[in-house]
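Right, one structure below, let's go through it.
Throughout, numbering of the chain's residues begins at 1 and tracks the sequence. No hydrogens, no waters, no symmetry mates; every other heavy atom, side chains included, goes into these values.
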Amino acid sequence: MHSRRIVRAVAGATAVTALVGCDSGTTGQPTARSATADGPLVEHIHTADPSGHVWAGRLYVYPSHDVDTGVPPDRLGSQYDMRDYHVLSMAQVGGEVVDHGVALALADIPWADRQLWAPDAARKGDRYYLFFPAKDRDGIFRIGVATSADPAGPFVAEPEPIAGSQSIDPAVFTDEDGTTYLYQGGILGGQLQRWRNGAYVGTDTYPANDEPALGPRVARLTDDLLGLAEPVREVVVLDEAGRPLRQGDPRRFFEGSWVHRRAGRYYLMYSTGESRQLAWATGDSPYGPFTYGGTVLEPVDGWTTQGSIVEVGGDWYLLYHDASRSGVDHLRDVRIAPLEYDQDGGIRTVPR
């Protein structure tokens, strides 16, 4: 049992009020407020890096929880000093949003020392899995997993990080045949540039600007979703001519992988970092390669953005964050916007 808080979110320009029933994990005394069109999902806390999933007809959003702990900003993102996770949910897009409270706290993760960055979640049978990055006591980002019988938590963390995991930004994709894959990785503060052949080397090594860019990593998960069933491999993003994007190309991968499947095609979305865009690419396999297709989201307020794509009731939506409400890069807010595809399967850019 944990308390909840209800706020009202608006997608696009129309507010839709939805009744919040006796869903699992939604006990307590709610409060409510009205939001403006295209406003943040919630405003009583700052949230970012949203991963969206629909379970039992309800949209669950797994964001990071931004707080200002007084850590000075630096190039590696030390100011992003998040210490717990909240789970948000809604019966329908545009309806009331439930904050289910703290789902997992840093103090309850035996191996983690600091910085609970962007999470994701998965379901198998009657169990729910929260995947998350954190720095261990040696200052190395690892990927952990926690489990719960409730999609809103609370989650109980495994005592050790996932063996073979590396860097940040776990994203979980379950294909139509039931196979589940874990994507991970982010450069700069995410430390992907410090990994070589599955080992952390501790020094920053980037390709030259005219060499193939670093890409995210992927591996199939074990049947219990608690470990990797194979070594990680690199995901390659190609340009229109079939060549790997170069490190100096502003379209190259920076962080925040997200994979979904639509009409038989696999879509990879990722953040480009400094250019503040979400890019998309398509492929024929969850392992890639993926061919760059365009921009999902125009640049937002804040240093970067990250998000997910989710189908709700036959319609597609983009979940993302920006820093327009606070004006502070590390105090961001999750938003949601309708997403449209062209007849040929291309993603239409979401305007800001």
Q: Show your reasoning for whether side chain to side chain contact (heavy atoms under 4.5 Å, CB included) applies to F131 and I162.
A: CA-CA 10 Å; F131 293 83; I162 297 173; 4.0 Å; yes

Q. Could you walk me through whether V218 and R233 pass the side chain to side chain contact (heavy atoms under 4.5 Å, CB included) check?
A. CA-CA 5 Å; V218 62; R233 63 181 78 180; 3.7 Å; yes

Q: Applying side chain to side chain donor-acceptor pair (under 3.5 Å), run through H86 and T47 and close with a yes or a no.
A: CA-CA 9 Å; H86 286 232; T47 56; over 6 Å; no

Q: Could you give me the CA-CA distance, side-chain angles and deciding distance for T174 and T180, then say whether side chain to side chain donor-acceptor pair (under 3.5 Å) is met?
A: CA-CA 4 Å; T174 299; T180 302; 2.9 Å; yes

Q: Verify side chain to side chain contact (heavy atoms under 4.5 Å, CB included) between L318 and L278, making sure each step is shown before the conclusion.
A: CA-CA 10 Å; L318 172 69; L278 291 177; 4.1 Å; yes

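A distance-only check finds a donor-acceptor pair linking the side chain of Q115 to the backbone of G77 [under 3.5 Å]. Judged purely by atom type and a 3.5 angstrom limit, K124 uses its side chain to pair as donor or acceptor with the backbone of D223. Checking side-chain atoms of T222 against main-chain N and O of G227 turns up a donor-acceptor pair under 3.5 Å. Distance alone, capped at 3.5 Å, is enough to place a donor-acceptor pair between the R217 side chain and the G215 backbone. Between the side chain of S324 and the main chain of D301, no donor-acceptor pair closer than 3.5 Å is present. Judged purely by atom type and a 3.5 angstrom limit, Q184 uses its side chain to pair as donor or acceptor with the backbone of Q166. A distance-only check finds a donor-acceptor pair linking the side chain of R246 to the backbone of P244 [under 3.5 Å]. A donor-acceptor contact shorter than 3.5 Å links the side chain of S326 to the backbone of L331. Although no hydrogens or angles enter the test, the distance criterion places a donor-acceptor pair under 3.5 Å between the side chain of D239 and the main chain of G242. For D113 (side chain) and R137 (main-chain N/O), no donor-acceptor pair under 3.5 Å exists by modelled atom type.
Taking NE2 of H260 as the reference point, atom CH2 of W316 lies at 4.5 Å (rounded to 0.5 Å). Distance check: D150 CG to Y128 OH gives 7.5 Å after rounding to the nearest 0.5 Å.
Side-chain contact between S64 and R332 is present, with heavy atoms from C-beta onward closer than 4.5 Å. Contact check for K135 versus Q191: side-chain heavy atoms found under the 4.5 Å cut-off. At least one side-chain heavy atom of W111 sits under 4.5 Å from a side-chain heavy atom of I109.
Looking at R352 and Y320, their side chains do bring a donor and an acceptor atom within 3.5 Å of each other. For Y266 and D175, the side-chain atoms include at least one donor-acceptor pair closer than 3.5 Å. No side-chain donor-acceptor contact under 3.5 Å links D333 and H321.
If you look at Y181 and Y287, their ring centroids are closer than 6.0 Å. For W258 and H53, the distance between ring centers is under 6.0 angstrom. In this structure, Y267 has its ring center closer than 6.0 angstrom to the ring center of Y341.
By the 30° and 60° cut-offs, the orientation of the rings of F132 relative to Y85 is tilted. Classified by interplanar angle (parallel below 30°, tilted 30° to 60°, perpendicular above 60°), the ring pair Y60/W55 is tilted.
Counting non-hydrogen atoms of neighbouring residues, nucleotides and ligands closer than 6.0 angstrom, the CG atom of D177 exceeds 12 such neighbours.
The minimum heavy-atom distance between S167 and G190, with the atom names listed, is OG-O, 2.6 Å. Across every non-hydrogen atom of A121 and V172, the tightest pair is O-CB, 4.2 Å. P50 and Q306 get closest at one heavy-atom pair: CD-O, 3.6 Å. Closest non-hydrogen pair, R114 versus G139, comes out as NH2-CA, 4.0 Å. Scanning both residues, P151 and V87, for their nearest heavy atoms gives O-CG1, 4.0 Å. Shown here for L226 and V145, the closest heavy-atom pair between the two residues is CD2-CG1, 3.9 Å.
For D84, the side chain to side chain donor-acceptor pair (under 3.5 Å) partners are H65, not counting sequence neighbours.
Checked against W280 for a side chain to side chain contact (heavy atoms under 4.5 Å, CB included), the options I347, T295, L297 give a single hit: I347.
I140 belongs to a hydrophobic cluster with W195, Y200, counting contacts under 4.5 Å between side-chain heavy atoms of Ile, Leu, Val, Met, Phe, Trp and Tyr, direct or through other members.
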